[in-house]
> 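Input: one structure, supplied below.
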Amino acid sequence: MKRMTFVFVLALFIATTAATSMILVGAGTTSVTGAGTAAFPDGTVFNGVTLSGSQFGKGIVVNTDGSASGDFYNVLDGSTPLGPRSITLTGLVRSGSLNPDGSVTFGGTSSLDMGDGTPATSVPFSVTATSQGLTLVIGTTTLPTQTLIAGGIDIQ
Amino acid sequence: MSLPGRPSAASLLKWILVGLVTVTVVPVLALVLIFPFASRVAVAFQYSADVASPQVSIVRTFDFLFGSLSSSTESFPTGTMTGKVTGGGTIAGDGVFPPRSRSFGYVAMGEVFIDSSTGQSNCTEASPCPAKGHLNYVNHTTNPQIHINGDVTEITHFEFFPTPPGQTKGTVTFRGTDTKSGCGTFTVSVTDNGEPGTDDRFGIDCGSETTLGQRLHSGGNSQIHPTQAK
């Protein structure tokens, strides 16, 4: 009986210690970091801007309960008949999940600057990121996948 | 038995004047005498800590002054917590390098203890706190582009600035090992001066790749998170 009690107390101690450690060091989370440049496929158009390439930076922590925190920044470079145009999306990430194929989808609210002199607007956004690129959804518009050219995207 | 007489009009006027002087002149005198002194103390205090970031010193001097006037409304998280900092964006917005010439994305988090009197953690250069996370950084101006990529292993500085409720500001320095460019150990220093990041800063040193201290973001955001990671 004494041995059973000892084993029970020991197991309880180990479980409590492990759980506390996991909470404190952030185990059970997935981090997504990335920086670099990417390219859109030919013919990509968003709000009248023909997009060619992009620049991005992101640092996000996705939790197992579907919550997430972090930052996503994406400049979409392109042109209009009037000349070059850059669209800037700055997003605060609030939710996310690790997908079965190893990609990560995250989203939140963003400030979208169309680069045409009009004030930036607040729009929901989401991103599905892999190590090869990222697919951005602005509002209800899904843009073609941006394929990584330089830099990297790490999912851990 | 005699009853006390009603106060005369002159006596009443005298007390009203004393009251007015008390509530107007005294606070003005206090401001005139204390404000310049507080400013000098704050600048001197911050100068030693932020020599490389004068703009940070100015911001924090304002924090100090307003904090001295309304200390009850400004505070920072304290105690043991999982300190976390995340960021994604570009530098430099301060003219040192071309805007968007360098991209970054990072996550760094680790257990820290925040001192309730200073807002600073127990993590130091000599005694760093174990940390996890990752860094991606690209210098787009070189050919080939320099890509620094590696895990975060240590936090050497973690500090919250006093802020009103609902806000978080602070500065963090973390280290790790690059596995991509061969520059060795990277040291990243970031400052979150509020949302949405227009006044935030990012700096990196890794071998010969350096931003020469913290540089203003030209886009994106850095966030210091006080809560425990789930």
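Here is how names work: the chains are called A, B, and so on, in the same order as the sequence lines, proteins then strands, and each is numbered from 1.
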> By a 4.5 Å heavy-atom criterion (distance strictly below it), what part of A:S110 contacts chain B: side chain, backbone, both, or neither?
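The answer is neither part of A:S110.
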> So which part of B:Q223 gets closer than 4.5 Å to some heavy atom of chain A, the side chain, the backbone, both or neither?
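Looking at B:Q223, backbone and side chain both touch chain A.
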> Taking side chain as C-beta onward, heavy atoms only, is A:L92 less than 4.5 Å from B:N221?
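In short, these two side chains touch, coming nearer than 4.5 Å.
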> Is it the side chain or the backbone of B:N149 that comes within 4.5 Å of chain A heavy atoms, both, or neither?
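For B:N149, the side chain is the part near chain A, not the backbone.
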> Determine whether B:K132 and A:T29 make a side-chain contact, defined as any pair of heavy atoms from C-beta on separated by less than 4.5 Å.
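In contact.
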> Identify the two heavy atoms, one from B:S103 and one from A:F56, that lie closest to each other, and give their separation to 0.1 Å.
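Answer, listing the atom of B:S103 first, then A:F56: CB-O, 3.7 Å.
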> Quick check: closest heavy atoms across A:S69 and B:K84, and the distance to 0.1 Å?
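Minimum heavy-atom contact is OG-NZ, 2.9 Å.
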> Do B:T86 and A:K58 touch side chain to side chain, with heavy atoms closer than 4.5 Å?
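No - every pair of side-chain heavy atoms lies 4.5 Å or more apart.
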> When you compare the side chain of B:D151 with that of A:Q156, does any pair of heavy atoms fall below 4.5 Å?
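Side-chain contact under 4.5 Å: yes.
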> Should A:D77 and B:R100 count as an ion pair when the cut-off is N to O under 4.0 Å?
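Between B:R100 and A:D77 there is a salt bridge, with a charged N closer than 4.0 Å to a carboxylate O.
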> If you count heavy-atom pairs under 4.5 Å between each of A:A150, A:S111, A:S31, A:G36 and chain B, which one has the most?
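The answer is A:G36.
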> What part of A:I60 lies closer than 4.5 angstrom to a heavy atom of chain B: side chain, backbone, both or neither?
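Only the backbone of A:I60 comes within 4.5 Å of chain B.
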> Less than 4.5 Å to any heavy atom of chain B: does that hold for the side chain of A:T88, its backbone, both, or neither?
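No part of A:T88 comes within 4.5 Å of chain B.
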